[in-house]
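In what follows, a structure is listed as structure tokens, so that the remarks can point back to it.
Just the heavy atoms: all of them, side chains too, but no hydrogens, waters or symmetry mates, feed the values below.
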Amino acid sequence: MRTAICPGSFDPITVGHLDLVERASRIFDEVIVCVMANGEKRPMFTLDERLELVRGSVAHIPNARAAAWDGLLADFARQEGAQALVKGVRNCIDFDWEYQMAQINRDLWPELDTVILPAQTRHLHISSTMVRDFIRHGQRLEGIVPPGAIPVLAGIREGRK
């Protein structure tokens, strides 16, 4: 079985992230969307909330599942028996970063390859930073977050009131 991991902080997941997972699901037998804990960032959503957002977003993809990890990505890939990481890039800055990370992950586990997929043009302007700003200012989220994440976000908002 060919297994790939789509890692990220997903704070929160966007339609661009979901597009990447859907594309990966057509290439690989199994896709694990790995919600990563990142000690360098102060996320808007807890790890459990981000995991719930991802689960709601990928529920329609039969060969995709969500998981959370608080360690090195290469270790998670080894544990899951994954052969590849799938990363999306919007521009050359993203590419340079992902290229460096691919080399680091390959040093940690030589059997692990990285597949870099360019973002679709309609998603180039969408970022988790932008979505967080929309959330803070009460803007509509349709078209920028996956449909499966909208009710989860509403529940999170309600729970925080």
Side-chain angles (χ1 to χ4, degrees), residues 1-41 43-45 47-132 141 143-150 152:
M1 179 188 299
R2 295 171 310 170
T3 301
I5 297 171
C6 291
S9 58
F10 303 108
D11 186 40
I13 189 169
T14 70
V15 293
H17 294 133
L18 181 60
D19 179 65
L20 185 69
V21 174
E22 289 172 338
R23 290 162 62 194
S25 75
R26 294 190 296 268
I27 300 169
F28 294 93
D29 299 315
E30 179 184 33
V31 176
I32 305 167
V33 185
C34 184
V35 181
M36 302 291 296
N38 184 340
E40 300 292 314
K41 293 182 180 181
M44 174 180 266
F45 299 98
L47 186 63
D48 288 339
E49 288 170 338
R50 290 181 281 141
L51 185 58
E52 187 179 352
L53 287 165
V54 170
R55 282 186 179 135
S57 299
V58 303
H60 68 284
I61 306 170
N63 62 330
R65 66 179 169 92
W69 187 253
D70 186 15
L72 292 176
L73 183 55
D75 291 339
F76 180 75
R78 185 181 296 112
Q79 173 184 296
E80 294 294 328
Q83 294 78 36
L85 303 175
V86 176
K87 302 297 301 244
V89 296
R90 292 173 293 178
N91 53 45
C92 60
I93 295 167
D94 286 353
F95 179 84
D96 286 346
W97 173 256
E98 296 304 344
Y99 186 80
Q100 290 174 35
M101 293 308 298
Q103 300 309 313
I104 291 168
N105 284 313
R106 192 153 177 118
D107 285 347
L108 293 171
W109 190 30
E111 291 82 23
L112 187 62
D113 279 312
T114 299
V115 176
I116 297 176
L117 297 176
Q120 294 197 51
T121 305
R122 68 179 183 264
H123 299 139
L124 289 176
H125 69 289
I126 299 171
S127 69
S128 291
T129 302
M130 181 194 89
V131 175
R132 288 191 301 272
L141 301 175
I144 61 170
V145 299
I150 291 176
V152 177

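- Here the CG-OG1 distance, from L141 to T14, works out to 11.5 Å after rounding to the nearest 0.5 Å.
- Heavy-atom minimum distance, C34 versus I5: CB-CG2, 3.7 Å.
- H60 has its side chain within reach of E22: a pair of non-hydrogen atoms, C-beta onward, lies under 4.5 Å apart.
- The closest side-chain heavy-atom distance from C6 to V31 is below 4.5 Å.
- Across all non-hydrogen atoms, the minimal contact from S128 to H17 is OG-CE1, 3.4 Å.
- Scanning all heavy atoms of the two residues, the minimum distance from V131 to I126 falls at CG2-CG2, 4.5 Å.
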I would like to know whether I61 and V21 meet side-chain contact (heavy atoms from CB on, under 4.5 Å); could you show each step before the answer? CA-CA 9 Å; I61 306 170; V21 174; 3.8 Å; yes
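- Here the CD atom belonging to E30 is positioned 7.0 Å from the CD atom belonging to E80, to the nearest 0.5 angstrom.
- No donor-acceptor distance shorter than 3.5 angstrom exists from the side chain of D29 to the backbone of M1, with no hydrogens or angles considered.
- Atom CG of L53 is separated from atom CG of D48 by 11.0 Å, given to the nearest 0.5 angstrom.
- Among all heavy-atom pairs drawn from L112 and A74, the shortest one is CD2-CA, 4.2 Å.
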After noting the C-alpha distance and the side-chain angles of F10 and V33, does the key distance pass the side-chain contact (heavy atoms from CB on, under 4.5 Å) rule? CA-CA 10 Å; F10 303 108; V33 185; 3.6 Å; yes
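- In this pair, F76 and W69 present their aromatic rings tilted. The plane angle is within the 30 to 60° band.
- To the nearest 0.5 Å, atom NZ of residue K87 and atom CE of residue M101 are 7.0 Å apart.
- For the pair R106 (side chain) and T114 (backbone), a donor-acceptor distance under 3.5 Å is absent.
- Without hydrogens or angle criteria, R23 side chain to L18 main chain gives no donor-acceptor distance under 3.5 Å.
- Between L85 and V115, the closest side-chain pair of non-hydrogen atoms is not below 4.5 Å.
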So V145 and V15, side-chain contact (heavy atoms from CB on, under 4.5 Å) or not? Walk me through it. CA-CA 5 Å; V145 299; V15 293; 5.5 Å; no
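- For the side-chain contact (heavy atoms from CB on, under 4.5 Å) criterion with P12, the lone passing option out of R132, M44, E49 is R132.
- Nearest heavy atom pair, residue I13 against residue P146, reads O-CD, 3.7 Å.
- At distances below 3.5 Å, not a single donor-acceptor pair connects side-chain atoms of R50 with backbone N or O atoms of P43.
- The two residues F28 and V86 make their nearest non-hydrogen contact at CE1-CG2, 3.7 Å.
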Report the C-alpha separation of D19 and Q120 in whole Å, then their side-chain angles, then the decisive distance to 0.1 Å, and conclude whether the side chain to side chain donor-acceptor pair (under 3.5 Å) test is met. CA-CA 8 Å; D19 179 65; Q120 294 197 51; 2.7 Å; yes
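- In this structure a side-chain-to-backbone donor-acceptor pair under 3.5 Å is present from Q83 to T3.
- The CZ atom of R78 sits 10.0 Å away from the CG atom of N105 when rounded to the nearest 0.5 Å.
- Between M36 and P7 the shortest side-chain heavy-atom distance falls below 4.5 Å.
- Atom CG of residue L72 and atom CD1 of residue I104 lie 10.0 Å apart, to the nearest 0.5 angstrom.
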Just do the side-chain contact (heavy atoms from CB on, under 4.5 Å) check on M130 and I144 with the steps written out, would you? CA-CA 9 Å; M130 181 194 89; I144 61 170; 3.8 Å; yes
